[in-house]
Asker: 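What follows is a single structure, and I will ask about it in a moment.
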Amino acid sequence: MQDTDQDILTILYTNDLHSHFGTMGRISAMVKEQRGQNEACTLLLDIGDHMDRAAPETEGTMGQANVDVLNLTGYDAITIGNNEGLTFTPELLNQAYAGLACPVVCGNILEIGQGKPPVWMKEDLIVHKGPFTIGLVGATVAYADFYELLGLEALDPKTTIMKSVERLRPQVDLIVVMSHLGLPFDKELAEVVPDIDLIIGGHTHHLLEEPLYIGRTAITAAGKFGRYLGKFVFERDRVLGKLVVREARCLPVEDGPEDHRILNAIAIHKEQAEIRMQRTVAVIEEDITIDYRSESPFGNLLAQAVRRYTDSDLSIVNSGQLLADLPAGEITEGMLHERCPSPINPCRMSLTGEDILYTLEQSLLPEESDRVIYGFGFRGKVLGGICVDGMEIIYNKAGLPYNKILQASVSGVPIARDKIYVVGTLDMFTFGIGYERLKCGRNKEFMLPDFLRDLLRIELQTPGAVANCFLSRWNKET
């Protein structure tokens, strides 16, 4: 190594890979190439949502495939995103991260009643690279109600970051915040905590090909799905005696050499996952089909499953959660995962008849059922129409928009607009995504850790449930 290399610190990073294993071999090869230029002074970080249970390799191995990739690539530290923190139980993460070779840094998640992070997590961390001392501070988006159901307490990330920065600042050359909090939060953080040198962001999937500066703080992020490898290079100014930015960019992850260790590991985990997910959960005698504009048996089955699980008066779900028909014959875990990959949980709420009727009307508009939506765990193609259980609806398809429903009843009694009903639905609706009136519910009870595919498995195994899904809820006026 040349003497001048001792003055250069390179930080490489990824964020929001979401188990896009197809890019990971190339990323590892690029990391190896970059490290070769200044290995002793190169730091590699991941900013969360490396795991995504929509990928069969992750689902079938409970994250072990991701951990192997992290280890083989040689990450120095990672933080967690909501896909790690909320779609895995703490026990499952403890099992997965038991084999992780680098620390998990996140300061705003504690075990309830313990006042300390889970055993696999560090509040913050000091690392050494060559002559450089770097303080790492991590935080993830604080969905407090959801974390509480998993036995975890999500603290205000701004408060925990400020405390860590204040404690670490006198001990280090550089403060790096690993922020799975989103770009708006990162901007605000830079304004109120000026002692941060670099914020590497994630969660909102933003790509900053050139860093954003607020005061002395640089903010960066590398988009999503492994399309870019982030690179930040600091150089020690010998005159001023401090670190200054020499280079900052996001390197496109294009076709090129791949790390065959990564490819082999992924192939092994994929094979293991396929074997695990071949387990039969039910046998059905005829196809259970899905339709995104009209009532269909598979949509009804999902609505039944949610109503039964939430013990509600009625249920409201969207057909877009289901990606394909269920064929007659043996149904395996893998088939349910392929058709319902979204890491979405059921919830129960109190909702007015007015909001229920508005939602039913909205779902009869093709521009709504055909709408493409993103985020909050949804992995479908389009939003899809509303599927219900516990209701009977009579409608006129030719009616004017928002005047198509002639009658909607619960247990034979017409819905009253000012009455409150207990409704089983999906957590994503509470954020206002999709059918926005469903966010108006009160007394929300989120139900973790089971996903919709888990509910479908239970429903398929329930006597009479398959027959019931072929019964109509939506009836056209004759």
Asker: Run the numbers on R453 and E59 for salt bridge (Lys or Arg N to Asp or Glu O under 4.0 Å), then give the verdict.
Answerer: CA-CA 12 Å; R453 55 183 172 270; E59 175 75 0; 3.1 Å; yes

Asker: Do you know which two heavy atoms are closest between P56 and A273, and how far apart they sit?
Answerer: O-CB, 3.4 Å

Asker: By the definition side-chain contact (heavy atoms from CB on, under 4.5 Å), identify the one residue from I433, V372, I373, D370 that meets it with L383.
Answerer: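 One option only clears the test, and that one is I373.
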
Asker: A side-chain contact here means heavy atoms from C-beta on lying under 4.5 Å apart; do L456 and C340 qualify?
Answerer: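 With C-beta onward as the side chain, the pair touches.
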
Asker: Quick one: CG on L181 to CG on L189, what's the gap to the nearest 0.5 Å?
Answerer: 8.0 Å

Asker: Can D427 and T430 be said to form a side-chain hydrogen bond (donor to acceptor under 3.5 Å, both in side chains), step by step?
Answerer: CA-CA 5 Å; D427 60 6; T430 68; over 6 Å; no

Asker: CG of L322 to CD1 of I290: how many Å apart, nearest 0.5 Å?
Answerer: 4.5 Å

Asker: Please check if any side-chain donor atom of E91 sits under 3.5 Å from a side-chain acceptor atom of N94, or the reverse.
Answerer: no

Asker: Check whether more than 12 heavy atoms from other residues, nucleotides or ligands sit under 6.0 Å from atom NZ of K444, and answer yes or no.
Answerer: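 Buried by this count: over 12 neighbours within 6.0 Å.
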
Asker: Is it true that D16 and R227 make a salt bridge, defined as a side-chain N closer than 4.0 Å to a carboxylate O?
Answerer: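 Answer for the salt bridge query: no.
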
Asker: Check for a donor-acceptor pair, side chain of E84 on one end and backbone N or O of M51 on the other, with a separation under 3.5 Å.
Answerer: yes

Asker: If we ignore hydrogens and angles and just use 3.5 Å, is the side chain of R249 paired with the main-chain N or O of G230 as donor and acceptor?
Answerer: no

Asker: D46 vs Y13, test: side-chain hydrogen bond (donor to acceptor under 3.5 Å, both in side chains). Steps then yes/no.
Answerer: CA-CA 6 Å; D46 183 79; Y13 61 90; over 6 Å; no

Asker: Please check: side-chain N/O of D76 versus main-chain N/O of L44, any donor-acceptor pairing under 3.5 Å?
Answerer: yes

Asker: So F446 and L86, do their side chains get closer than 4.5 Å, heavy atoms only?
Answerer: no

Asker: Closer than 3.5 angstrom, by distance alone: can the side chain of H180 be matched with the main-chain N or O of I47 as a donor-acceptor pair?
Answerer: yes

Asker: Ring centres of F429 and F431 under 6.0 Å apart?
Answerer: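 Aromatic pair excluded; centres sit 6.0 Å or further apart.
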
Asker: More than 12 heavy atoms of other residues, nucleotides or ligands under 6.0 Å from CD of Q171: is that the case?
Answerer: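 Correct, the count exceeds 12.
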
Asker: Taking C-beta and beyond as the side chain, do M349 and K439 meet within less than 4.5 Å on heavy atoms?
Answerer: no

Asker: Any idea which heavy atoms bring R379 and A54 closest together, and the distance?
Answerer: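 It is NE-CB, 3.9 Å.
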
Asker: State whether E166 and K163 are salt-bridged, where the test is any N-O pair (Lys NZ or Arg NE/NH1/NH2 against Asp/Glu carboxylate O) under 4.0 Å.
Answerer: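 No, this pair does not count.
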
Asker: I would like to know whether L360 and I356 meet side chain to side chain contact (heavy atoms under 4.5 Å, CB included); could you show each step before the answer?
Answerer: CA-CA 6 Å; L360 297 178; I356 293 170; 4.2 Å; yes

Asker: S164 and side-chain contact (heavy atoms from CB on, under 4.5 Å): which single residue from V177, D124, N108, V105 fits?
Answerer: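 Going through the options one by one, the only one that passes is D124.
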
Asker: Quick one: pull up NE2 in H20 and CD1 in I27 and give me the separation to the nearest 0.5 Å.
Answerer: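 Result: 10.5 Å between the selected atoms.
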
Asker: What I want to check is whether the side chains of H205 and H18 have a donor and an acceptor closer together than 3.5 Å.
Answerer: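 Yes, H18 and H205 have a side-chain donor paired with an acceptor closer than 3.5 Å.
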
Asker: P366 versus R293: any side-chain heavy-atom pair under 4.5 Å?
Answerer: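 In short, these two side chains touch, coming nearer than 4.5 Å.
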
Asker: Decide side chain to side chain contact (heavy atoms under 4.5 Å, CB included) for Y213 and I219; before the verdict, give the C-alpha distance in whole Å, the side-chain angles of both, and the deciding distance to 0.1 Å.
Answerer: CA-CA 6 Å; Y213 286 92; I219 303 173; over 6 Å; no

Asker: Any side-chain heavy atom of L207 sitting closer than 4.5 Å to one from Y228?
Answerer: yes

Asker: Once you measure the plane-to-plane angle for Y97 and W120, does it fall in the parallel (<30°), tilted (30-60°) or perpendicular (>60°) bin?
Answerer: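 Because their plane-to-plane angle lies in the 30° to 60° range, the rings of Y97 and W120 count as tilted.
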
Asker: Checking R53 against F451: charged group under 6.0 Å from the ring centre and within 45 degrees of the axis?
Answerer: no

Asker: Would a line drawn from the ring center of Y402 to the ring center of Y358 be shorter than 6.0 Å?
Answerer: yes

Asker: Before accepting this row, confirm whether a basic side-chain N of the pair R276/E271 lies closer than 4.0 Å to the acidic partner's carboxylate O.
Answerer: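 Not counted as a salt bridge, because no side-chain N and carboxylate O are separated by less than 4.0 Å.
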
Asker: Provide the closest heavy-atom pair for N345 versus M447 in the form atom of the first, atom of the second, distance.
Answerer: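 Smallest interatomic distance, heavy atoms only, reads CB-O, 3.5 Å.
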
Asker: Does I266 offer a backbone N or O that forms a donor-acceptor pair with the side chain of H269 under 3.5 Å?
Answerer: no

Asker: Between S315 and Y309, is the side-chain hydrogen bond (donor to acceptor under 3.5 Å, both in side chains) condition met? List the steps.
Answerer: CA-CA 10 Å; S315 59; Y309 190 88; over 6 Å; no

Asker: Of all the heavy-atom pairs spanning F232 and A218, show the shortest one and how long it is.
Answerer: CZ-CB, 3.6 Å

Asker: Below 4.0 angstrom, N of the basic side chain to O of the carboxylate: do D49 and K224 qualify?
Answerer: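 Salt bridge flag = no for K224 with D49.
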
Asker: Go through the steps to decide whether T10 and K129 satisfy the test side chain to side chain contact (heavy atoms under 4.5 Å, CB included), and finish with yes or no.
Answerer: CA-CA 9 Å; T10 300; K129 288 291 177 179; over 6 Å; no

Asker: To the nearest 0.5 Å, how far apart are CE in M178 and CG in N15?
Answerer: 10.5 Å

Asker: Passes salt bridge (Lys or Arg N to Asp or Glu O under 4.0 Å), R371 versus E368? Steps please.
Answerer: CA-CA 5 Å; R371 185 152 52 106; E368 291 298 328; 2.8 Å; yes

Asker: Checking the side chain of T140 only, and the main-chain atoms of I80 only, is there a donor and an acceptor separated by less than 3.5 Å?
Answerer: yes

Asker: Could you walk me through whether L438 and L351 pass the side chain to side chain contact (heavy atoms under 4.5 Å, CB included) check?
Answerer: CA-CA 8 Å; L438 297 179; L351 197 65; 3.5 Å; yes

Asker: Quick check: does any side chain N or O of R169 sit under 3.5 Å from a backbone N or O of D195, one acting as donor and the other as acceptor?
Answerer: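 The answer is yes, because a donor-acceptor pair under 3.5 Å joins these two groups.
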
Asker: Using modelled atom types and a 3.5 Å cut-off, is there a donor and acceptor pairing between side-chain atoms of R339 and backbone atoms of D325?
Answerer: yes

Asker: Charged N to carboxylate O below 4.0 Å: is that the case for R457 and E333?
Answerer: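 Salt bridge flag = no for E333 with R457.
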
Asker: Counting N and O atoms only, with roles assigned by atom type, does the side chain of T220 sit under 3.5 Å from a partner on the main chain of P211, one being a donor and the other an acceptor?
Answerer: no

Asker: List, one per line, each side-chain donor-acceptor pair under 3.5 Å for residues 144-156, sequence neighbours excluded.
Answerer:
| unit_1 | atom_1 | unit_2 | atom_2 | d |
| --- | --- | --- | --- | --- |
| D156 | OD1 | K158 | N | 3.3 |
| D156 | OD2 | T159 | OG1 | 2.8 |

Asker: Any side-chain donor paired with an acceptor under 3.5 Å for S19 and D52?
Answerer: no

Asker: Keeping D237 on the side-chain end and L243 on the backbone end, is there a donor-acceptor pair under 3.5 Å?
Answerer: no

Asker: Could you tell me if the side chain of L72 sits less than 4.5 Å from the side chain of D259, heavy atoms only?
Answerer: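 Of all side-chain heavy-atom pairs linking L72 with D259, none is under 4.5 Å.
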
Asker: Do M335 and M277 touch side chain to side chain, with heavy atoms closer than 4.5 Å?
Answerer: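 M335 vs M277: side chains apart.
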
Asker: Hey, are T14 and Y75 close enough side-chain-wise for a donor-acceptor pair under 3.5 Å?
Answerer: yes

Asker: Quick one: does V253's side chain get under 4.5 Å of R26's, heavy atoms only?
Answerer: yes

Asker: Could you check whether atom CZ of R442 has more than 12 heavy atoms from other residues, nucleotides or ligands sitting under 6.0 Å from it?
Answerer: no

Asker: So how far is it from M24 CE to E57 CD, rounded to the nearest 0.5 Å?
Answerer: 8.5 Å

